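Please read these numbers as outputs of a predicted model, since none were measured by experiment.
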Amino acid sequence: MSCCRVSFRGVLAGLKMGVLFLASACGGDDAAVATSSGGGGGAGGSGGGVEPLCTAGSRWDGAGTIFREVTTEWNFVGVEGQRFQAVDFDGDGWTDVLVRMMTDAPDDLFTAPACCANDSCPEETTCPVRRTWLMRNTGKGGFEDVTLSSGFLAKRDDADPDTGRPFQVVAFADVDNDGDLDAYTGRSDGPGSAKTETSEILLNQGDGTFSLGPADSALRVPLGDVPAGASFVDYDRNGVVDLWVPQNAWGNQRAQDQLYWGHGEGSFTNVTGATALVTQGWNDLKTLNEGRAHSWGWSALACDLNNDGNLELLASSYGRAPNHLWQATGPDGGWTFVNRSVASGYAYDHRTDWTEDESARCYCKLNPQAQDCDGVPPPMYIKCEQPGDAFRWDHSTSRELFSLGGNSGGTMCGDVDNDGDMDLFTTEIVHWDVGSSSDPSEILVNTGEFDVRFERPGNEQTGLIRDHDAISWNDGDMSGALFDFDNDGLLDIYIGDSDYPGSRGRLFHHDQTLKFQLVPYELGIENNRSHGVAVADFDHDGDLDIIVGHSHMRCGNETDCYPTMQARVFENIMGQDGNWFQLALQGADGSNRSAIGARVTVTTPDGIVRTQEIGGGHGQYGAQQDLRLHFGLGTACTAEVAVRWPDGALTEELFDVASGHRFSKVQGQPVEVVGSRDTGDK
């Protein structure tokens, strides 16, 4: 690892270099931060030559209001959906949002009859249906719909100009390294004839518009492509992003997850076999139990879990099937991957007592001579009179390890315990009748070993629990986010619990390391059947705002369903009073331009270390949080920042930052200030 160190800590060194040191005067912080009128000095810079805009810090006290809804004020009325990307697609420094419905059906683009606006049309009238919104952030407190003008829905087949291109999965990155964010849009397929409109790369033209990428790309699969998520990742650190695409199922057949190698101009080559990522069909119990069969993909993730600079690839699975974790070997291993799904503890948890399952108990009641049924108690709550009453149970396979995992909606990567390595948080669907064997949404704590391994302290220990007020309940956790809403330096958790009566989003405050408290709905985010989440400082006031979606699945006469699937915007109204800084990175000199895979380690004078990585997409059928990193600093006014770039040498640069500012850093160039708490944006 090469290192370009420019952290000017000593006063004598500062005097020799003509740098003025300013002592911090808040939060008990007696460290010095280097500043200079030249805005950086040296390759790493010194925090852009700014003084800390310091406060006593902010921390939610358990009683104050955190968020207020601003859906109307921020011009989001009418925007509906459950899948979100929070990215600055037009490069103006303000985070935009892509919102999509849970479908790959195309948008209707024909002009709506006037009567559609007030639902006064005759019964035979057809009104257009919107399923996609690209919302451009116009500045402090406003968005505009640029979906059509951006060309994001352009098709290869123009035979039907009244519909847009269908897709279901999205991830953003600078595919061609020209300085703007391109997009992968994945279209799920099913049995049938080959299709013209396939998964695509959209190339950003740099003027707010997109065009279709190369037609001769391996990711344009005309038949049998069932993407369930996508993560851009430069797995071989050659400076060009690649693409990891877990697959769902095609009919009843599970599919092989795919890795594509980026050429740098928008086309890709399939390298799944060349990188040893091949799995097997669902034909052998031993293979399934060992996590060597195909995933039942529901989500993608790429994250460096053992701090070696090489990103692991993860695929979470539906159907209580094993999640997959592929550990990267790096250059010494020929840029291949090793399957550590089970060995890492990610495939499924340790809870395997199937005899608590109501359907299993019913089966054993009706078949007392069946294997392992001796001593299994009868069901407590379900009717059990005929074979169909054991509705979730196949005695030949349901007792196997591969069937005792979770319905994993998504996995998020973050340093939850501030120990310098990346932990995981999974979201899971759990039904009341299956007992304790179904994996719940929970934190997986990284043990820090080179061969990746996790421990599960359990929700009773961490406080991520919920009270079920009925015997019959369903946890529909499919989406979520790790983010520091009060700028105290600890990652909080939002869980999108959706699709079932009584489900609602839950915000948990991180009170102390790995101890969480449920935020009352009226103080945080009150959103029924909450599906989808986007987090960013949308209004540039120094704290993280949030946008959440609403699902209409399984909505009948229930009163907890809203009239529409309106996406709701919540402004953070308390975190801006704390200490924070934000950092946007741009790769150069061998790193991909988006800096995806870059690791940023922040050390405050109190010795606390906070670590984040720039991600290229994650989550169920595609989610993405802002590429600009946001760090809450607690009571600290300054911090030392180490950036490890995702190039071949894993080049590292160090520099100091001051609280209350937004910084931009191009690899190998001085850090720049692009905005501040008091002075606004440049």
With a 4.5 Å heavy-atom cut-off, do [X] and [Y] have their side chains touching?
| X | Y | value |
| --- | --- | --- |
| L523 | F67 | no |
| V97 | L134 | no |
| L219 | L243 | yes |

Inset, instruction - Verify ring pair (Phe, Tyr, Trp, His ring centres under 6.0 Å) between Y500 and H431, making sure each step is shown before the conclusion. - result: CA-CA 10 Å; Y500 299 98; H431 303 296; 5.5 Å; yes

Tell me which pairs pass salt bridge (Lys or Arg N to Asp or Glu O under 4.0 Å) where either residue lies in [range], with sequence neighbours left out.
| range | result |
| --- | --- |
| residues 165-185 | none |
| residues 84-100 | D90-R136, D92-R136 |
| residues 500-510 | D497-R506, R504-E526 |

For [X] versus [Y], what's the shortest heavy-atom pair and its separation?
| X | Y | result |
| --- | --- | --- |
| G78 | W133 | O-CZ2, 3.3 Å |
| G587 | A595 | N-CB, 4.1 Å |
| G480 | V533 | O-CG1, 3.3 Å |
| P106 | P166 | N-CB, 4.0 Å |
| D257 | Q247 | OD1-N, 2.7 Å |
| N270 | A218 | N-CB, 3.7 Å |

Can you tell whether the side chains of [X] and [Y] come within less than 4.0 Å, N to carboxylate O?
| X | Y | answer |
| --- | --- | --- |
| R156 | E200 | yes |
| R568 | E69 | yes |
| R68 | E571 | yes |
| R529 | D499 | no |

Backbone of [Y] reached by a side-chain donor or acceptor of [X] within 3.5 Å:
| X | Y | value |
| --- | --- | --- |
| N528 | D560 | yes |
| W244 | L314 | yes |
| E312 | A328 | yes |
| T209 | Q205 | no |
| Q624 | G622 | no |
| S199 | R187 | yes |
| N527 | G549 | yes |
| E73 | G142 | no |
| E80 | R131 | no |
| S295 | S317 | no |

Inset, instruction - Could you check whether the rings of F268 and Y260 sit parallel, tilted or perpendicular, using 30° and 60° as the cut-offs? - result: perpendicular

Inset, instruction - Measure up the Y318 and W298 rings against each other and bin them: parallel (under 30°), tilted (30 to 60°), perpendicular (over 60°). - result: tilted

Inset, instruction - For side chain to side chain contact (heavy atoms under 4.5 Å, CB included), just list the numbers for L464 and I493, CA-CA rounded to whole Å, side-chain angles, deciding distance to a tenth of an Å, and then say yes or no. - result: CA-CA 9 Å; L464 296 174; I493 295 178; 3.9 Å; yes

Inset, instruction - Please report the C-alpha distance between H618 and S231 in whole Å, then the side-chain angles of each, then the deciding distance to 0.1 Å, and finally whether the side-chain hydrogen bond (donor to acceptor under 3.5 Å, both in side chains) criterion is met. - result: CA-CA 6 Å; H618 69 281; S231 295; over 6 Å; no

Inset, instruction - Would you check, one step at a time, whether the test side-chain hydrogen bond (donor to acceptor under 3.5 Å, both in side chains) holds for E144 with T138? - result: CA-CA 7 Å; E144 63 176 349; T138 60; over 6 Å; no

Out of curiosity, [X] [atom1] to [Y] [atom2], how far, rounded to the nearest 0.5 Å?
| X | Y | atom1 | atom2 | result |
| --- | --- | --- | --- | --- |
| S551 | Q82 | OG | CD | 5.5 Å |
| S267 | W261 | OG | CH2 | 8.5 Å |
| D537 | N572 | CG | CG | 8.5 Å |
| F167 | D107 | CZ | CG | 7.0 Å |
| L203 | S211 | CG | OG | 5.0 Å |
| D626 | T95 | CG | OG1 | 3.5 Å |

Counting the benzene-type ring for Trp, do [X] and [Y] have ring centres under 6.0 Å apart?
| X | Y | answer |
| --- | --- | --- |
| H540 | W94 | yes |
| F483 | H630 | no |
| F143 | F76 | yes |
| H552 | Y562 | no |

Inset, instruction - Show the numbers, then the answer: is there a side-chain hydrogen bond (donor to acceptor under 3.5 Å, both in side chains) between Q168 and S188? - result: CA-CA 7 Å; Q168 194 170 21; S188 296; 2.9 Å; yes

Inset, instruction - Go through D475 and H468 one step at a time and tell me if the side chain to side chain contact (heavy atoms under 4.5 Å, CB included) criterion holds. - result: CA-CA 9 Å; D475 292 339; H468 297 110; 2.9 Å; yes

Inset, instruction - Take Q256 and T279 through the side-chain hydrogen bond (donor to acceptor under 3.5 Å, both in side chains) test and state the conclusion after the steps. - result: CA-CA 7 Å; Q256 168 70 56; T279 48; 3.2 Å; yes

Legend entry - Over 12 foreign heavy atoms within 6.0 Å of CZ, F337: yes

Inset, instruction - Count the heavy atoms belonging to other residues, nucleotides or ligands that lie under 6.0 Å from CG of D157, then report whether that count exceeds 12. - result: yes

Legend entry - V535 vs F485, side chain to side chain contact (heavy atoms under 4.5 Å, CB included): CA-CA, chis, key distance, verdict: CA-CA 10 Å; V535 173; F485 70 71; over 6 Å; no

Inset, instruction - Take D477 and R466 through the test salt bridge (Lys or Arg N to Asp or Glu O under 4.0 Å) and record every step on the way to the result. - result: CA-CA 12 Å; D477 303 353; R466 63 193 73 180; 2.7 Å; yes

Does one side chain, of [X] or [Y], offer a donor that lies under 3.5 Å from an acceptor on the other?
| X | Y | answer |
| --- | --- | --- |
| Y494 | S530 | yes |
| R130 | T147 | yes |
| D492 | H510 | no |

Inset, instruction - Begin from the C-alpha positions of I546 and F538 and carry the test side chain to side chain contact (heavy atoms under 4.5 Å, CB included) through to its verdict. - result: CA-CA 8 Å; I546 186 168; F538 292 111; over 6 Å; no

